[in-house]
Amino acid sequence: MKQISSVLAMVVLLGSGVSAAQDEQDVEVSFIDNGGLSYKVNPSAFTTTQSYGSLTSEGYLVPRAGLIRNGCFASTPWIDVNHGQGKAYAFPHFTLEWWGEVNPVEEPDDTLLRLTLEVKRQNGTTSQVRSYIYTGLLDLELRYYNEDRTQFYYYGRLDNLADQAEMLFGNIAVSPGDKIRYNVCDLYEGGKLLIRDLTLTTLPIF
């Protein structure tokens, strides 16, 4: 990917529908060689509708809690699709930590976090794809168990970082004039989440 100059970045941001109040430090734009664009949305540009977390020097931090954090609590701005028919891809960069009980004789598949990639069409309709992070995706470590070994408690961690083999969480077809947005939702009990950025990439399909 090629980084855009600050002046051109602002032109692209304004053309993408992102508010002028959000500069290139809030949303970093990069060209992709095949005609696409990548928008790295930093935590300072997030829309937060719940008071679950706060901005820190590392990102947007939602601390561990004993209750589910319901609803979508961190979202990107709506971003315009500025090319022909194509696809949008979501690469959220985060660290998720979790403490909880796992049944050792079953596959760990408890849901921990929901992620959604939304598209708003020109006719006003919306659609979305959902991705789920579950305990089986984490690196789990047994921490302790009770005396009769009927309850096992684990610590788990998942790092999805830009400088590693990042995982894709969501892709959807897009058309010219569509708008896209990404949401982080439903952090389950025992979870702690640090969101470093939410990166959206749009690519034309030739």
Side-chain angles (χ1 to χ4, degrees), residues 38 40-43 46-56 58-76 87-119 126-174 180-201 203:
S38 178
K40 177 185 175 184
V41 181
N42 291 309
F46 291 174
T47 298
T48 55
T49 56
Q50 306 285 347
S51 58
Y52 299 145
S54 59
L55 286 174
T56 70
E58 294 184 280
Y60 185 78
L61 176 64
V62 182
R64 179 184 176 188
L67 298 173
I68 185 173
R69 275 58 56 90
N70 278 313
C72 296
F73 51 84
S75 302
T76 69
K87 298 272 284 187
Y89 301 88
F91 298 92
H93 299 127
F94 61 85
T95 294
L96 173 63
E97 296 177 274
W98 175 80
W99 295 258
E101 186 177 356
V102 173
N103 186 336
V105 300
E106 297 179 358
E107 286 292 324
D109 62 354
D110 292 330
T111 299
L112 302 179
L113 187 68
R114 177 169 62 90
L115 305 165
T116 67
L117 176 57
E118 288 185 274
V119 176
T126 60
S127 58
Q128 66 174 239
V129 292
R130 298 180 179 182
S131 300
Y132 295 91
I133 297 175
Y134 58 95
T135 47
L137 291 177
L138 277 61
D139 292 324
L140 294 171
E141 301 174 2
L142 178 64
R143 289 299 173 91
Y144 63 93
Y145 49 83
N146 62 358
E147 289 186 3
D148 58 2
R149 298 197 178 193
T150 58
Q151 293 178 302
F152 296 80
Y153 295 89
Y154 284 75
Y155 164 77
R157 181 183 178 108
L158 176 63
D159 290 295
N160 196 44
L161 306 179
D163 57 354
Q164 298 179 3
E166 60 185 347
M167 288 185 281
L168 170 72
F169 287 99
N171 69 90
I172 197 168
V174 292
I180 58 172
R181 180 174 71 176
Y182 201 64
N183 307 293
V184 181
C185 318
D186 298 344
L187 178 61
Y188 280 68
E189 55 268 27
K192 174 184 175 182
L193 180 66
L194 176 65
I195 309 171
R196 292 179 168 82
D197 68 78
L198 300 173
T199 295
L200 297 175
T201 297
L203 299 170

Looking at residues at least two apart in the chain, or sitting in another chain, which of them share a salt bridge (Lys or Arg N to Asp or Glu O under 4.0 Å) with [X]?
X    : value
E141 : R143
R149 : none
R130 : none

So do the side chains of [X] and [Y] get within less than 4.5 Å of each other, counting heavy atoms only?
X    : Y    : value
L187 : F73  : yes
V184 : F46  : no
D110 : Y134 : no
N70  : D186 : yes

Inset, instruction - State which residues pass ring pair (Phe, Tyr, Trp, His ring centres under 6.0 Å) with Y145; sequence neighbours excluded, sorted by chain then number. - result: F152
Legend entry - Which residues share a side-chain hydrogen bond (donor to acceptor under 3.5 Å, both in side chains) with E166, sequence neighbours left out: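 E166: side-chain hydrogen bond (donor to acceptor under 3.5 Å, both in side chains) contacts with H93.
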Inset, instruction - Report the residues that fulfil side-chain hydrogen bond (donor to acceptor under 3.5 Å, both in side chains) with D139, sequence neighbours left out, ordered by chain and then residue number. - result: none
Which atoms form the tightest heavy-atom contact between [X] and [Y], and what is the distance?
X    : Y    : result
L113 : Y188 : N-CD1, 4.3 Å
A88  : V174 : CB-CG1, 3.8 Å
G156 : L140 : CA-CD2, 3.8 Å
P63  : G53  : CD-CA, 4.5 Å
P43  : G59  : CG-CA, 3.8 Å
M167 : N160 : N-OD1, 2.6 Å

Spacing of [atom1] belonging to [X] relative to [atom2] belonging to [Y], to within rounding of 0.5 Å:
X    : Y    : atom1 : atom2 : result
L112 : L137 : CG    : CG    : 8.5 Å
N42  : I195 : CG    : CD1   : 12.0 Å
L161 : T95  : CG    : OG1   : 5.5 Å
I180 : L200 : CD1   : CG    : 4.5 Å
W99  : E189 : CH2   : CD    : 14.0 Å
Y182 : L198 : OH    : CG    : 7.5 Å

List for me each residue that meets side chain to side chain contact (heavy atoms under 4.5 Å, CB included) alongside [X], sequence neighbours excluded, and say none if there are none.
X    : value
S131 : L115, F169
C72  : R114, N183, C185
N103 : V105, E106
S51  : none

Legend entry - Of all pairs that satisfy salt bridge (Lys or Arg N to Asp or Glu O under 4.0 Å), the ones with a partner from residues 192-201, not counting sequence neighbours: E97-K192
Legend entry - Residue pairs fulfilling salt bridge (Lys or Arg N to Asp or Glu O under 4.0 Å) with at least one residue in residues 62-73, sequence neighbours excluded: none
Legend entry - Heavy-atom donor-acceptor pair, Y154 side chain to W98 backbone, under 3.5 Å: no
Inset, instruction - May I ask you to decide if D109's main-chain N or O and T135's side chain share a donor-acceptor pair within less than 3.5 Å? - result: yes
Inset, instruction - List the steps and the verdict of side-chain contact (heavy atoms from CB on, under 4.5 Å) for L168 and F91. - result: CA-CA 5 Å; L168 170 72; F91 298 92; 3.9 Å; yes
Inset, instruction - Take Y89 and L117 through the side-chain contact (heavy atoms from CB on, under 4.5 Å) test and state the conclusion after the steps. - result: CA-CA 8 Å; Y89 301 88; L117 176 57; over 6 Å; no
